[in-house]
Amino acid sequence: MTEGPQPDRDHVLALVATTREVLDHPGVHESLLADWERRRIAAIRLPDRRDDVLAARLLVRLCAARHTGRTPAESAPAQRCPECGGPGHGRPYLPGLPGVGVSMSHADGLVAAAVGPGAVGIDVEPAARRPGPLRVLRRLLPEAEVAEAAARPDPGPALLRLWVRGEARLKAGGQAGLRLSEWTDGDRAAVVAVATEADRVTRGEVTWGGRTGARCTRAGATGAGITGAGVTTAGITGAGTTGAGAARAGITGAGGGTSDPVPGIGSAR
């Protein structure tokens, strides 16, 4: 194994990108995937969804490599079902790093990954997507929060934020005390949420040619048992890193949304 810096025990690194950004990235490629991953991806009939799954599994390797100091080839997540004990499904984890959590998400040309200490969950959705119907959301999310969001003149953006927060929390295990960070990626028209036990979430940018992002937010407390977590931004270029920003601002609504009908959000991935 390549020697490198130890994982930062105080923060989660989260990367968000379009599927095309990842598939065009020079630091990761399909040959990094395990045989079982390639077989699973090959069985997906829809080409766009197949690309999303591939990009998510590549991005999580890039994210883990950046966080742990390993190479992407050394950063393959494994999965094992806690119920049947079988490999290849269940919550992902990083072999040899039992204290480090890992999570990934994909949705209609968008992908996200997060790696950090303890339990970690991430979810990404297109900002224009609208979850529903309400009777389903009320079964899956806190009823009072759904009712408050549904009472707004345009409830779609608020309901979407509730959904991504719920998905992230579910992927992190759903226990009380998780910290929640949420932001809107305006460049990619994406709404993102990270649930974690860590104090900070560093937002990474997958960029090229020395260009890096410098947007930062401060996430407020939302949801039962979830408290706020600070967010900073770092750029990712190729296999290395450049740039870092630090600032705080209040969370605003999910930008880029419209009232046009769009497909409802599915189950946790």
Side-chain angles (χ1 to χ4, degrees), residues 1-41 51-81 87-106 110-124 168 171-172 192 194-198 200-208 212-213 233-244 269:
M1 179 182 299
T2 300
E3 295 295 329
Q6 293 298 308
D8 188 327
R9 300 298 179 183
D10 298 324
H11 87 288
V12 168
L13 174 64
L15 301 186
V16 180
T18 66
T19 292
R20 183 45 51 190
E21 283 177 311
V22 175
L23 297 185
D24 289 344
H25 197 287
V28 290
H29 40 81
E30 188 172 356
S31 64
L32 293 175
L33 270 59
D35 290 342
W36 69 267
E37 290 177 295
R38 286 195 288 268
R39 288 193 299 269
R40 177 174 294 180
I41 290 172
D51 286 348
D52 289 348
V53 175
L54 170 60
R57 292 194 167 273
L58 293 176
L59 185 63
V60 79
R61 284 163 165 81
L62 187 65
C63 189
R66 170 64 184 92
H67 184 79
T68 66
R70 297 177 172 184
T71 67
E74 297 168 330
S75 303
Q79 291 176 257
R80 184 171 295 278
C81 177
H89 60 290
R91 187 174 299 168
Y93 65 94
L94 295 177
L97 293 173
V100 179
V102 60
S103 182
M104 69 189 91
S105 179
H106 57 82
L110 298 169
V111 288
V115 178
V120 176
I122 191 168
D123 191 58
V124 63
K171 293 178 182 180
V192 191
V194 175
T196 175
E197 297 175 324
R200 292 185 296 122
V201 173
T202 299
R203 292 165 46 188
E205 294 279 348
V206 179
T207 60
W208 292 264
T212 63
T233 299
I236 308 293
T237 61
T241 63
T242 64
R269 285 177 290 277

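- The two residues Ala172 and Ala119 make their nearest non-hydrogen contact at O-CB, 3.1 Å.
- Among all heavy-atom pairs drawn from Thr68 and Ser75, the shortest one is OG1-OG, 4.4 Å.
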For this session: Carefully, step by step, assess Leu33 and Leu54 under the rule side-chain contact (heavy atoms from CB on, under 4.5 Å).
Result: CA-CA 9 Å; Leu33 270 59; Leu54 170 60; 3.6 Å; yes

Problem set entry | Steps toward side-chain contact (heavy atoms from CB on, under 4.5 Å) verdict (Arg70, Leu97) | CA-CA 12 Å; Arg70 297 177 172 184; Leu97 293 173; 3.6 Å; yes

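- Note that CG of Asp24 is 14.0 Å distant from NE2 of His29, once rounded to the nearest 0.5 Å.
- From Thr202, atom OG1 reaches atom CG of Asp10 across 10.0 Å, with rounding to the nearest 0.5 Å.
- A pairwise comparison of heavy atoms in Val16 and Ala112 identifies CG2-CB, 4.1 Å as the closest pair.
- Taking both residues in full, the closest heavy atoms of Ser105 and Val124 are given as OG-N, 3.2 Å, listed atom of the first, atom of the second, then distance.
- Taking all atoms of both residues into account, the shortest heavy-atom contact from Pro72 to Ala65 is N-CB, 3.6 Å.
- In this structure, the side chain of Lys171 engages the main chain of Met104 through a donor-acceptor pair within 3.5 Å.
- Annotation: side-chain contact (heavy atoms from CB on, under 4.5 Å) contacts of Ala55 (sequence neighbours excluded): Thr19, Val22, Leu23, Val111.
- Residue Val12 comes nearest to Gly116 through the heavy atom pair CG2-CA, 3.8 Å, listed as atom of the first residue, atom of the second, then distance.
- Val120 places none of its side-chain heavy atoms less than 4.5 Å from the side chain of Val100.
- The side-chain contact (heavy atoms from CB on, under 4.5 Å) search around Ala14 returns Ala114, Ile122, Trp183, Val194, Val201, not counting sequence neighbours.
- In this structure, the side chains of Leu62 and His25 come closer than 4.5 Å at one or more pairs of heavy atoms.
- Taking Arg38 as the reference, Asp35 meet the salt bridge (charged side-chain N to carboxylate O under 4.0 Å, His left out) condition, with sequence neighbours excluded.
- Going from atom NE2 of His106 over to atom CG of Asp51 covers 11.5 Å, rounded to the nearest 0.5 Å.
- Evaluation of the salt bridge (charged side-chain N to carboxylate O under 4.0 Å, His left out) rule for Glu37 yields Arg57, Arg61 as partners, not counting sequence neighbours.
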